[in-house]
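Just so you know, these numbers come straight off a predicted model, no measurement behind them. Numbered from 1 within each chain, the chains take letters A, B, ... in sequence-line order.
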Amino acid sequence: MLSLQTIREHTDEVRNAVNQRHTEAPIEQIIELDAERSPLLTEVETMRADRNRAGKLIGAAKDSAERQRLIDEQRSVASKLDDLEKRLTDLDSALNKLLLEVPNLFHEDVPLGVEENSTVVLIGNGATGEEQRIDPPVPISEWPAIEDTASVKPHWDLGETLGIIDFKRSAKLSGAHLPMLLGDGARLQRALISWMLDQHRKRGYQEVYPPAMVTRDALVGTGQLPKFADTMFETTNGRWLIPTAEVPVTNMYRDEILESSDLPIHHAAYSPCFRNEQFSAGSSSRGVKRLYQFDKVEMVRFERPDDSWEALDQLLDDALKLLRELKLSYRVLRLATGDLTFASAMTYDIETWAPGDQEWLEVSSVSNFLDFQARRANLRFRTEDGDIEYLHTLNGSGFALPRLLATILEQYQLNDGSVEVPLPLRPYLGGQERIDPA
RNA sequence: GGAGAGGUGGCCGAGUGGUUGAAGGCGCCUGUCUCGAAAACAGGUAGACGAGAGUCUCGUGGGUUCGAAUCCCACCCUCUCCGCCA
C-alpha cells in the first residue's frame, strides 16, 4: 500500500495514478479522515502522557489521602480519554481499510491507456534465435498481424488426437475448464517443471514448495485482498486457495527484519494455482488457455530498494532464457496503466506464439511492486547504516504450464501429426524425441 | 477431535496490579588494557508513529481498573499424550 504520508503529500499524483489505471480509490475519504485523525491523535497522546505521569505519582504516593486525591482526579478524566481513544481506533481502522484499496503508483515509462496501448518492447524468433529490441516500443494495436501460413492444429485438437489432453473424461469428474493430462502429456508437463526449476536453481533461485492454502492476511499482503475476493476460492476452514505461488512466497518473511547481507533473496516455486475465472464461451478460453486450476513455476525476488529496477530486467531475462533454450517464438509487452495489476508499478508480459491457434499466449507476467507489497506484508531489512526500511518485491512466472505446453505442442508439431520433444526436455523424458499418437 | 503445558527483547529467562519497555545471563557493538588477540573491567545494544515533547507495543483482539506483561473472556500459534489419517 501507499503510506498515508504519500497520499497526504502527493495527493494529485496519487489521484492521477488511480485515474490512469481506470479504476477508483477512496482518496478523498482518506484525506478527510486523516484531517480528523491528526489533531485527535495529538490530544489523545497528551492525555495519555498526563495519565502515565499521574500513575507514577500514585504508585509513589506515601500519604493515603494524597493518593486518593490523585486517583479521584484521574477517575474524572478517564471516561473522556476513553471516548477519544475509541474515536481514534475507529478512525485508524477505517483509514487502514481504505488504504488497502489504493493501487500502487506506476513508473513513468509505463504507457498510458487501456490494453491496446500496451507496447511491444522485444520480439524473439524461436526458429532463428534472433531477438530484436523494439525501440521505440510499438503499441500492440499497431503491431502487424503475424503471417504464419503454417497449417498446424491447435493444441486442443492435437491434445486429443495424441491422447495427451483429455477434456471429455475430466468433465465427468470436474466439469468444464478442468482438463486432465494423460501419458506423454502429463510426462511432458512434469519434465517442464523439473527443467525450469533446475534452470532457476542454477541462476541462484532457491527452490520452495509452498502451501497452496493461505490465510486472508497473506492475500492482503500481496494485494489480492480485499478488492479481488471474487477471483479466488475460499475454503470451508477459512483458508484460501492460492491464485499464484507469489502469495505464499512473498509472505515468507512477513513481520521479519532481514539483515542487509541477506539481500537479495531469490526463490523459485512450483505450485498449483486456483482462479475463480468468470468464463464466457469463446476462443479466449478454448483448450487449456484459461482454467480454474493450473500449475506454474514462479520466481520471487526480495531486493534492496535501489536495485529493484535492475532486478526487474534480470528477472525478465531469467524468464526469457528458458524460452530461448526451448526455441520458442515470443514477444514481450510492457503493460499499459489500464492493464497493470493493482500492486504493480511496472509489468512485462511475455507471450509465446501459438501457430495452431494463430494467437499470442500470455505465459508470464513479470512485475516490480516496489515497496507496495512490503508495506502490506511488513517486509523489512536493516540497511548498512542500521536504519530499517521496507524492501522491494518482484515476481515473474517462469512459466504457466498449460499455456507453455500448448505453445510447445503447436510450435513443435510435425507434418505427420506427431510432436517433437524440445531438446532440453529430452533428458527428463528418458531421451524420448517425439510424442506419437497413442 | 479429546486431555494437558506453554507463548516476555537477537536468544535463554525473571517478573503475578503502580516510578517495569521490562531484572539477570548469553550473544553482539564500543572503550580501557595489549605489539596484537584472548581474558578482565566499563559503557552500549527492540520496533512503530512523531520535527520534538511524547505515545504505543510483553502471541492477537476485547474487558475490568485511576492504572494491566501481571486479573477476566475469546481467538491464534507451539509442545506432550490419546484418537484419526497420506
Both distances under 3.5 Å, Watson-Crick or G-U wobble: report the partner of B:rC66, or none. B:rG18
Suppose we define a pair by two distances each less than 3.5 Å, Watson-Crick or G-U wobble; what does B:rC81 pair with here? B:rG2
Nucleic acid contacts - residues 35-53 of chain A versus RNA chain B, non-hydrogen atoms under 4.0 Å: A:Glu45, A:Arg48, A:Ala49, A:Arg51, A:Asn52
Considering only the C1' atoms, how many Å lie between B:rC26 and B:rU19, rounded to the nearest integer? 29 Å
A:Asn378 CG to B:rC49 P: how many Å, rounded? 10 Å
Can you give me the N/O atom pairs linking the protein to nucleotides 17-22 of chain B at distances under 3.5 Å, or say none if there are none?
from: B:rG18; atom 1: N7; to: A:Arg67; atom 2: NH2; distance (Å): 3.2
from: B:rG18; atom 1: O6; to: A:Arg67; atom 2: NH2; distance (Å): 3.0

First encountered from the 5' end of RNA chain B, between A:Arg239 and A:Ser76: A:Ser76
Are any non-hydrogen side-chain atoms of A:Phe274 and A:Phe294 less than 4.5 angstrom apart? no
Determine, for A:Phe279 and A:Arg290, whether the Lys NZ or Arg CZ falls below 6.0 Å from the six-membered ring centre while staying within 45 degrees of the axis. yes
With a 4.5 Å cut-off on side-chain heavy atoms, are A:Met196 and A:Leu322 touching? yes
Among residues at least two apart in sequence or on other chains, which ones pass ring pair (Phe, Tyr, Trp, His ring centres under 6.0 Å) with A:Phe342? A:Phe228, A:Phe372
On RNA chain B, more 5' by nearest nucleotide between A:Asp72 and A:Thr89 is A:Thr89
How many whole angstroms separate atom CD of A:Glu85 from atom P of B:rA68? 10 Å
Is B:rC33 paired to anything, Watson-Crick or G-U wobble with both distances less than 3.5 Å, and if yes, which nucleotide? none
Distance between P atoms of B:rA22 and B:rG9 (Å, rounded): 14 Å
Closest listed nucleotide, where the reference is the side chain of A:Ile388 and the choices are B:rG63, B:rA46, B:rA48: B:rA48
Would you measure the distance from the P atom in B:rG44 across to the matching atom in B:rC49 and give it in whole Å? 26 Å
Do A:Ile408 and A:Pro422 come close enough that some side-chain heavy atom pair is under 4.5 Å? yes
Starting at CZ of A:Arg75 and ending at C1' of B:rU64, how long is that distance when rounded to a whole Å? 13 Å
Does A:Lys227, at its NZ atom, have more than 12 non-hydrogen atoms belonging to other residues, nucleotides or ligands within less than 6.0 Å? yes
Under a 3.5 Å cut-off for both contacts, is B:rC75 paired Watson-Crick or G-U wobble with anything, and if yes, with which nucleotide? B:rG59
If I pick the P atom on B:rA3 and the same atom on B:rC11, what distance separates them, to the nearest angstrom? 32 Å
